Structures are given as C-alpha cells and as structure tokens.
Amino acid sequence: TAEFGRGIVFVHGIGQQKRGETVTTFAETIGLWLQQWLTGEPDTDLRVTRAELDSDPPIGAAISETALTDQRDSQAPATTVLTICRPRASEERVLLAECWWAHAFLPPRLRELVAWIIFIAPRLVMSHASAPLRRSWRRLHMVRGRLNTTFLVLRMILQAILFLSSFIFIPLLVAVFAAILFPAILPSATLRDAARRAATILIGYLGDTFVVTMSPVRRDVITEAVLAGLERIAKRCDEFAIVAHSQGAVLTHDALRRRTPTNLKQVITLGAGIEKLLRLRLLFRRDRGMFRRQWVGVLAAAVLIAAILAALSAFAAGHRVEGFSLVGIASTSAISMGLGMLLAFRNASGYESLVRLDGAGTQFTWLNLYASSDPVANGPLIDTPRDWITECEVFNYASIVRDHTAYLKNRDDVVPRLVSTLLGSPTEAPATDSRAIERARTRRRIRVRMLTFGRSLLASAGIPSTIVIWSSLDAFER
C-alpha cells in the first residue's frame, strides 16, 4: 500500500519560478476554495493542520507537513498534504507536489534566441492573429438568435481586418528585436538600458520556448527532469493526477510520450502551448524552407506601407502619374503579401497523431482548459472533438495580456473544475454543487462579455474623440 491514496503534481510554466513557488500557489488556491465551499463562509481562510478546523466534527480543508526542501535529498520535490474533511464522509489526505524543472533549464544565448524569433515571426504573428477569427467561425454554427449572430458577424469582420493587417506589423517587430540584439545602435543611454533589460526578460520568458523547439539536448535534459519528478510522486500514491500550465504542459506531454506511470488517472492542462510548438517542430523537421519563403510576404508588407505613404504624398502634391504608379506597386505588394500569408499558414501533416497520448481516454482522462483570449493556448488543441480529450473554453478576463496568467484567479470556473475533476464533488450533494458552480460560471461569462463590450465601446469612442481633439489643437495653434 502506498503512503497516500491520491496525489496531485503541479508542473509550472514559463518564467523563472523558485523552488516551492508552484506547489504553494496551487495548494493555497485549491485549499482555500475547498475551505470556503465546505464551511459556507466566504471570508474564512485556509487552515494549517487539521487541529485548526473549528467545527466538531471537523469540516473544511487544511494543509500540513509542508516540505519545500529536503536536506537528505536535493532532488526531492516540494510537497504539502491537503486534509479534506467533508460532512458525513471519511477524512481524506491528498499529497500535493510540484514538478520543478527551472533548475534544469540551460538558457540559450541571446543572439540565437532573437535570430530564432525573427525567423519564425511571420508564422507566430499569423497564428495569433488568426486564432480569434477561427474561434468565431466555429461559434457561428452554434449561435442562436438573430441579435447574437449579428454581433458575432460584426466581431468577425473586425477580426478579419486585424488578421489581414497583421503582416504589416512584422517589420516593426523585427526592428524591436534588432534593437534588443544590438543595443549599441540606439541613440540614447536610456533606450540602450531598456533594451538590455528587455533582453534579460526575453531569455527568462522565451528561452525555454526556444529550447523545447530547437535544442534537442537541452530539451532532453528538461524532459527527463520532469519525468523523474512525476515518477517520484507516482511511487508515493495509489493513484495521481497532473496539472500542468503553459510550457509545463508541453514538457509533461513530452514526458508522457516517453513513459506513462501506470497509476496516472488524470491530466489537466491549463493554457497549454502544445499545438503551437508541436506544429513548429513538424515544420522544422519536414519543411524548414517554408520559414524562409514566407519572408517574401514580410518584405512585401514593408514595400506596401512605403508605397501607400508615398502614393498619398504624391496625390497630395498633385503628381497623379507618380501616385498611380505607386498604387500599382502597392497592389503588387499586397498580392505578394497575401502569398506570404498563405505560406505562413501551411501546416505539416501528422499533428493529431503527435499530440495524442497513449492511454488518454482509457488509462487516464485528459482535460484541456483554454481561456477565451489566451494567446499561448490560442484555442483548443484539436478542432474536431475527440473521445480521448475533453476541451473547455473558460473566461478569465478576455484579455490577451492577463488571460494566460489568470487561470487560478478564476474562482468561478477554473478552480471549481480543478477541484471536481481531481477530488470529486466537494460535498455529499454533487447535483447541488454542479448547479451552483454552473450558475457561477454563467455569471462570470456574462461579466466578461460585458467587460469586452465596454472595452470595444471605449475604443470606438476613442478614435473620433482623438480626431476632434486633434482638430481643436490645430485650430488653437492657428
């Protein structure tokens, strides 16, 4: 018999997490939600040890036996024990542990990292810009009601405009990364210092993305570290589950493709970048020349911008012949840019067989949660539903900046899903729990949609307001 009946391993994502940070965040989030749900007291806090539970018999959740480091074993994962006391049910002790792989990360050199980012920039930009449009297209067949359909179509038009104009921003992106790579070209000391700080952040947050895509040796070191951490916890539990966020989901996927512990029962991925990175790997293996060919579209986008500006100047100066010649150049550039966009969309075959894990749907369940505006996940892993994976869209803040790091802050949707999937119904009345949680999800979805509408309204009002203010300033100067 193992030491614990159930265990949960948390795998952190990109960044420079410290040892113990991941298990602390997850344990406190899940434990606090359980404590508040079981006691019905929204202002209560998570207890430390079972003895601090107030009621008799004890009801609630408490953590204990926390060990972030082990002097006898430097490779031992940080752990804590979550004790759950449900009404009229036996007490349950669950081992919570982290799989910390940041120590195995060997950072790449800045030059190779920036060169790689510039090399794949068209593909990444197009992937991000097209994701909202693809998600809206899938929803179009499920929406009911004329008003909802109209709003969705209007949003799709705006998303299509953003998608078609996305290539224009790539030359600007390249200029920014060139400044980070060669800060000496910048005119002021302040800008040079900012570029050096940006370089440090870039290595910390995107270096591991480069490693798992382009560096086989460094990727192997990290994957083995993750697999070793998973197997350590597996030995201490009768059954265990994995919760992996962001890049940690990619590394967990790589580890489980090598070996799957026989007592693994659940895998939950949050904001997983699996689809994006697996497709990049396939393209690098089978058609690396595509990344070079798509730069034709980027150069065409730069020429298109220059031609449009020059044509406007020519028409303003009354040089119509020059203006129409520049319009012709702009049209040709737009066609070339379109061809580059098509190249950037090309996918290598074999993705689904690569993403599917042996044992998924039979030995263990796989739940993939992706936020509505998370730029890392960019939607579901598989467009068509499959029986070996369950994918659910959640609504954090509908923000491309905040959504990826806000999964555990979503106490109306994400945290209840984690608890119910990993630990079962919080109380003895699962139907009542499910209805209450579903009402909370619906309320949050409405709040997020209202927030999105408010942002859109503010942005729409900002454009004419800026024009009016600018015109007023011109009049005031005269």
Side-chain angles (χ1 to χ4, degrees), residues 1-11 23 25-42 44 46-47 50 53 55 57-65 79-98 230 233-234 236-245 261-270 359-369 387-392 394 407-408 410-441:
T1 304
E3 185 180 353
F4 293 90
R6 195 197 308 258
I8 305 172
V9 185
F10 305 106
V11 188
V23 72
T25 302
F26 273 93
E28 290 181 349
T29 300
I30 290 176
L32 179 60
W33 189 92
L34 266 172
Q35 168 70 4
Q36 293 174 345
W37 188 270
L38 290 170
T39 61
E41 299 175 9
T44 189
L46 178 61
R47 301 297 194 259
R50 180 182 181 277
L53 295 176
S55 56
I59 295 175
I63 53 100
S64 59
E65 304 174 41
T79 60
T80 190
V81 177
L82 177 67
T83 302
I84 307 170
C85 298
R86 296 180 173 91
R88 292 177 292 280
S90 2
E91 177 183 306
E92 183 179 10
R93 284 163 48 85
V94 182
L95 177 65
L96 306 182
E98 73 174 19
L230 298 179
I233 301 304
R236 299 181 63 182
C237 308
D238 289 328
E239 62 180 57
F240 81 107
I242 301 171
V243 180
H245 176 243
T262 55
N263 57 344
L264 175 63
K265 297 302 177 185
Q266 290 136 345
V267 173
I268 300 178
T269 47
L270 309 173
T362 53
Q363 175 192 328
F364 61 89
T365 60
W366 184 359
L367 172 63
N368 180 51
L369 302 180
D387 57 2
W388 48 269
I389 185 171
T390 301
E391 302 199 78
C392 299
V394 297
Y407 285 92
L408 292 186
N410 186 343
R411 293 170 50 83
D412 301 314
D413 195 351
V414 175
V415 178
R417 284 184 195 271
L418 290 178
V419 172
S420 59
T421 303
L422 298 170
L423 303 170
S425 177
T427 69
E428 61 197 16
T432 304
D433 289 341
S434 297
R435 286 193 296 270
I437 291 171
E438 190 56 41
R439 285 196 298 270
R441 288 173 184 160

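This is a predicted model, so every value here is computed, not measured. Along the sequence shown, residues are numbered consecutively beginning with 1.
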> So which heavy atom on V394 is nearest to which on Y407, and how close?
CG2-CE2, 4.0 Å

> Going by an N to O cut-off under 4.0 Å, is there a salt bridge joining E438 and R435?
no

> To the nearest 0.5 Å, what is the distance between CZ on R417 and CG on L270?
11.5 Å

> Does the side chain to side chain contact (heavy atoms under 4.5 Å, CB included) test come out yes or no for W37 and I437, once each step is laid out?
CA-CA 11 Å; W37 188 270; I437 291 171; 3.9 Å; yes

> To the nearest 0.5 Å, how far apart are CG in L418 and CD1 in I30?
5.5 Å

> Measuring from atom CG of L95 to atom CZ of R236, what distance do you get when rounded to the nearest 0.5 angstrom?
5.0 Å

> For the residue pair R50 and P58, what are the closest heavy atoms and their distance?
NH2-CG, 3.3 Å

> Taking side chain as C-beta onward, heavy atoms only, is F240 less than 4.5 Å from L264?
yes

> Can you name the closest pair of heavy atoms from A241 and L422 and give their distance?
CB-CD2, 3.5 Å

> Just verifying a value: how many Å separate T390 OG1 and I268 CD1, rounded to the nearest 0.5 Å?
10.5 Å

> So, using salt bridge (Lys or Arg N to Asp or Glu O under 4.0 Å) as the criterion, who are the partners of E65 when residues are at least two apart?
R93

> So which atom in G60 and which in L38 form the shortest heavy-atom distance, rounded to 0.1 Å?
O-CD1, 3.7 Å

> Partners of A440 by side-chain contact (heavy atoms from CB on, under 4.5 Å), sequence neighbours excluded?
D412, R443

> Going by heavy atoms in the side chains, are E91 and T83 under 4.5 Å from each other?
yes

> Indicate the atoms forming the closest heavy-atom contact of E98 with V23, along with that distance.
OE1-N, 3.1 Å

> Does Q35 reach the main-chain N or O of A61 with its side chain, forming a donor-acceptor pair under 3.5 Å?
yes

> Tell me, please, which residues at least two apart from R47 pass side chain to side chain donor-acceptor pair (under 3.5 Å).
T44, D45, D54

> Any chance you could measure L96, atom CG, to I63, atom CD1, to the nearest 0.5 Å?
9.5 Å

> Taking only residues two or more places apart in sequence, or in another chain, which ones meet E391 in a side chain to side chain donor-acceptor pair (under 3.5 Å)?
N368

> Just jot down the side chain to side chain donor-acceptor pair (under 3.5 Å) partners of W366, sequence neighbours excluded, or say none.
T269

> Could you list the residues that satisfy salt bridge (Lys or Arg N to Asp or Glu O under 4.0 Å) with E92, not counting sequence neighbours?
R6, R86

> Do L423 and I8 have side chains that approach each other closer than 4.5 Å (heavy atoms only, starting at C-beta)?
yes

> What is the minimum heavy-atom distance between G7 and C237, and which atoms define it?
CA-SG, 3.6 Å

> To the nearest 0.5 Å, what is the distance between CD1 (I242) and CG (L230)?
4.5 Å

> Flag the pair F26 / L82 as yes when at least one side-chain heavy-atom distance between them is below 4.5 Å, and no otherwise.
no

